[in-house]
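Single-structure report; data block below.
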Amino acid sequence: MFSRSLMLCFCFCLCHGVQTEKSGPNLGRAASEDLIKNWNIDVFPDGEGLPAGNGNAVTGKRVYEAHCLSCHGVDGEGSSADELAGARHSLTDNPPDKTIGTYWPYATTVFDFTRRAMPLNAPGSLSHDQLYAVTAYLLYLNGIIKETDIINAETLPKVEMPNREGFIQIGTE
Amino acid sequence: MVRQTDLQPVAGGGLLDRRLFLKRGLSFSVAVALAPETLASASDNERLAWMQKPGEPFSNYGQPSPHERKTIRWTMGNSMAPGNGVSWAPLQDMEGIITPSGLHFERHHNGVPQIDPDKHQLLIHGLVNKPLVFDMATLQRYPMQSCYAFVECGGNSNAGWREEPIQTAVGYFHGMASCSEWTGVPLRIILDEAKLKGRAKWMVAEGADAAVMNISIPMEKALDDCLLAIYQNGERIRPENGYPLRLIVPGWEGVLNVKWLRRLHITNRPVMARNETAKYTELMPSGKSRQFTFVMDAKSLITSPSFGHKLDNKGLYQVSGLAWSGRGRISKVEISADGGQTWAEAQLQEPVLPKCFTRFRIPWQWNGKKMILKSRAIDETGYVQPERDALIMRRGRYGYFHYNAIVSWEISPEGSVSHVFA
């Protein structure tokens with residue numbers, strides 16, 4: 001239960017305003033290792049968070065055709081959903097062409113995003129091997145790796161993306 | 001009483017002193033969207049139909065009048081995935097500063113999840129000494145506070161980058177911005193409880209939707225004014241706005257205000273998610289892109305009169321609009337009725353809150369000639385909303401996000417309103 005004095009000091013402050021209270025009733029439950037492991041699907045550019053498994057563009061092409069092509073088009077050229085490969089112009093053309101190959105700074109983001117959000121009509125349905133394979137295929141379509149290169153937790157963070165240095169971090173300037 | 005001297009313009013094109021509103025005895029014309037319907041035909045001494053019988057009974061949840069059916073969000077979903085897309089708030093039909101929850105704009109990456117609040121949890125882990133889980137019932141027992149804040153999509157107003165001015169209602173051009181009273185638990189309280197480690201510099205927030213949308217936020221902001229919002233405009237947040245829990249990041253890009261919030265991963269670096277690399281970054285003519293452009297810079301727009309409205313005849317009108325800035329309070333809004341040659345200060349309606357919509361108004365005497373109306377916001381940091389040419393000079397035309405240039409409406413001699421680049 002809150003004590004009355006606690007309630008009083010919490011009242012009537014706006015978020016942009018005067019003073020914000022410092023502490024609460026400390027009711028959070030300890031999170032178990034298991035819960036954290038199951039929920040944490042973040043993959044970082046250095047490879048932190050990548051699971052076991054592997055694949056290459058040869059198998060990835062089959063995954064792509066079965067699960068992605070209907071929205072992203074043949075060879076990732078775009079359809080109802082974004083173009084993923086096959087850029088015809090550079091970033092300084094009018095208009096520019098932004099694809100994984102011309103724009104994305106990190107290869108790990110392809111795996112992370114596909115695992116969390118794709119295929120859009122059945123997110124979370126692909127195995128880790130399928131995810132590595134389709135990631136490899138998208139990198140291959142963009143001319144970044146070879147068709148038979150194995151993509152896994154070791155190799156993916158090492159893939160050098162063409163636009164790796166293309167971003168200026170603005171922050172809160 | 002209004003004296004003739006009160007009607008002396010204070011700037012070109014017939015702009016009058018903003019304080020004129022406070023004087024009595026002045027009547028304004030209102031720009032209307034439609035041809036006026038025939039007035040109720042009853043003579044003055046006859047009771048109108050709804051005064052001759054008892055009205056409708058009580059209702060469990062009130063709805064807008066059937067006469068307001070046109071005040072709706074316009075929606076645009078992906079052909080293969082109807083839950084992927086946006087809807088716009090109809091700013092052209094609204095007044096004041098609060099967006100009704102049912103009209104708040106939407107951006108969903110993969111539809112609106114139907115979350116059972118009893119099964120919803122918030123996990124905090126990573127660089128903390130005490131990883132914690134909260135269920136909704138527990139969060140409800142924490143001290144709450146309100147935050148009056150706009151949420152604006154980083155992609156709002158992006159039609160402004162096009163070569164030709166888009167001719168559409170102001171809401172469908174700039175309506176990926178809305179403003180609510182958000183009530184919930186200050187994020188700082190929960191972060192303190194989890195005891196941050198010294199290296200904690202970023203927080204990756206994640207939603208419980210089918211897109212499992214995630215994004216990185218600097219810890220400095222998380223500890224400053226972020227809110228774990230449970231209520232919107234006094235009721236539990238609507239499903240499309242993040243029910244049962246939404247992260248409010250006042251003044252910063254909409255995408256950071258993660259809906260259906262379920263996880264906060266405390267880290268020492270950003271995760272480089274798709275929505276902070278491939279999207280929500282702005283390509284410039286140099287080929288380099290701006291990244292982590294968090295703050296929504298000052299913007300203003302005249303909502304009345306605006307595209308689709310019609311001025312019936314020359315005479316006195318009330319110009320009304322919205323201004324906001326992610327950096328703080330709006331300190332001034334200036335209006336021009338001569339295409340930007342001269343400017344007059346508009347009246348700001350109280351309250352003027354930081355990182356919140358601010359309503360401005362100014363009286364204007366239209367002489368029936370063609371003219372161009374503009375508004376320009378200035379915030380408390382001194383930031384001045386740029387003209388379109390200046391913005392494009394700095395950013396090029398392919399950045400897509402963060403378009404905040406001055407909006408120009410041309411009034412034709414017939415009284416119709418169109419969008420122009422002027």
Side-chain angles (χ1 to χ4, degrees), chain A residues 2 6-7 10 12-16 20-32 35-36 39-45 49 70-71 79-82 90-92 94-96 98 100 103-106 108-110 112-113 116-117 120-121 123-124 163 166-173, chain B residues 78-81 84 109-110 123-125 130-134 138 141-143 145-149 185-186 188-190 192-194 204 210-214 218 220-221 225 227 250 263 265 269 271-274 277-278 281 283 285-295 353-355 398:
Chain A
F2 281 137
L6 198 58
M7 285 305 290
F10 288 149
F12 312 123
C13 27
L14 298 180
C15 67
H16 312 294
T20 328
E21 60 280 5
K22 287 258 153 39
S23 64
N26 291 312
L27 300 172
R29 281 184 293 113
S32 71
L35 180 77
I36 297 170
W39 280 31
N40 181 12
I41 55 167
D42 294 334
V43 173
F44 289 77
S70 58
C71 297
S79 171
S80 67
D82 307 56
S90 78
L91 294 180
T92 48
N94 290 333
K98 288 157 79 179
I100 290 173
Y103 201 62
W104 292 41
Y106 302 100
T108 47
T109 309
V110 181
D112 177 272
F113 183 73
R116 67 177 61 244
L120 197 92
N121 50 349
N163 198 35
F167 293 82
I168 303 164
Q169 300 197 354
I170 302 294
T172 55
E173 80 178 350
Chain B
N78 182 300
S79 58
M80 295 285 286
N84 175 264
H109 295 267
N110 200 1
L123 168 65
I124 296 168
H125 70 103
K130 296 201 305 176
L132 295 171
V133 209
F134 296 88
T138 306
R141 290 172 59 190
Y142 276 65
Q145 64 186 45
S146 278
C147 174
Y148 300 84
V185 182
R188 189 203 317 207
I189 293 182
I190 301 293
D192 282 349
E193 185 173 337
V204 184
V212 206
M213 219 285 301
N214 72 337
E220 207 179 29
K221 179 70 172 176
D225 58 358
L227 188 74
R263 193 162 67 91
H265 187 175
R269 63 212 192 285
V271 70
M272 298 298 178
R274 176 259 191 169
T277 54
T281 51
L283 179 61
S286 64
K288 298 278 183 201
S289 298
R290 291 159 53 89
Q291 187 184 25
F292 300 128
T293 43
F294 299 123
V295 179
L353 298 170
K355 306 171 188 178
Y398 299 111

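Protein chains get the first letters and strands the later ones, always in sequence-line order, with residue 1 at the start of each.
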If you count heavy-atom pairs under 4.5 Å between each of A:Asp112, A:Thr92, A:Asn26 and chain B, which one has the most? A:Asn26
Give, for atom CG of A:Leu27 and atom CG of B:Leu132, the distance between the pair rounded to the nearest 0.5 Å. 10.5 Å
Could you pull out the closest heavy-atom pair between A:Tyr106 and B:Thr277, with the gap in Å? CD1-CG2, 4.5 Å
Which one wins on heavy-atom pair count under 4.5 Å against chain A: B:Ser289, B:Ala194, B:Ser286? B:Ser289
Max heavy-atom pair count under 4.5 Å with chain A, selected residue of B:Met80, B:Met272, B:His125: B:Met272
If you count heavy-atom pairs within less than 4.5 Å of chain B, which of A:Val110, A:Asn163, A:Thr108, A:Thr109 leads? A:Thr109
For the rings on B:His265 and A:Phe44, is their centre-to-centre separation under 6.0 Å? yes
A:Ile41 versus chain B, the contacting section by heavy-atom distance below 4.5 Å: both
Can you tell me if B:Glu193 uses its side chain to pair, donor with acceptor, with the backbone of A:Gly24 under 3.5 Å? no
For residues A:Ala31 and B:Leu123, report the shortest heavy-atom separation together with the two atoms involved. CB-CD1, 3.4 Å
Which distance, rounded to the nearest 0.5 Å, do you find between the OG1 of B:Thr281 and the CD1 of A:Ile170? 11.0 Å
When B:Val204, B:Thr138, B:Asn214, B:Asn84 are compared by non-hydrogen pairs under 4.5 Å with chain A, the top option: B:Asn214
Against chain A, work out which of B:Ala278, B:Ala210, B:Ala273, B:Gly287 has the most heavy-atom pairs shorter than 4.5 Å and name it. B:Ala278
Using side chain to side chain contact (heavy atoms under 4.5 Å, CB included), reason through B:Arg263 and A:Asn40 one step at a time and then give a plain yes or no. CA-CA 8 Å; B:Arg263 193 162 67 91; A:Asn40 181 12; 3.1 Å; yes
For A:Trp39, is it the side chain, the backbone, both, or neither that has a heavy atom closer than 4.5 Å to a heavy atom of chain B? both
Are A:Pro25 and B:Pro143 close enough that some pair of their side-chain heavy atoms sits under 4.5 Å apart? yes
Contacting region of B:Ser79 [heavy-atom separation from chain A under 4.5 Å]: side chain
Check A:Pro96 against B:Tyr398 and note the closest heavy-atom contact, atom names and distance. CD-CG, 3.3 Å
Would a distance-only check, ignoring hydrogens and angles, find a side-chain to backbone donor-acceptor pair under 3.5 Å from B:Asn110 to A:Ala117? no
Cut-off 4.5 Å, heavy atoms of chain B, and the answer for A:Phe113 is side chain
Quick one: of A:Val43, A:Asp42, A:Ile36, A:Asn94, who has the most non-hydrogen atom pairs under 4.5 Å with chain B? A:Asp42
Just so I understand: if I count every heavy-atom pair under 4.5 Å between each of A:Lys98, A:Arg116, A:Gln169 and chain B, which residue has the most? A:Arg116
Heavy-atom cut-off 4.5 Å, strictly under: side chain, backbone, both or neither for B:Lys288 against chain A? both
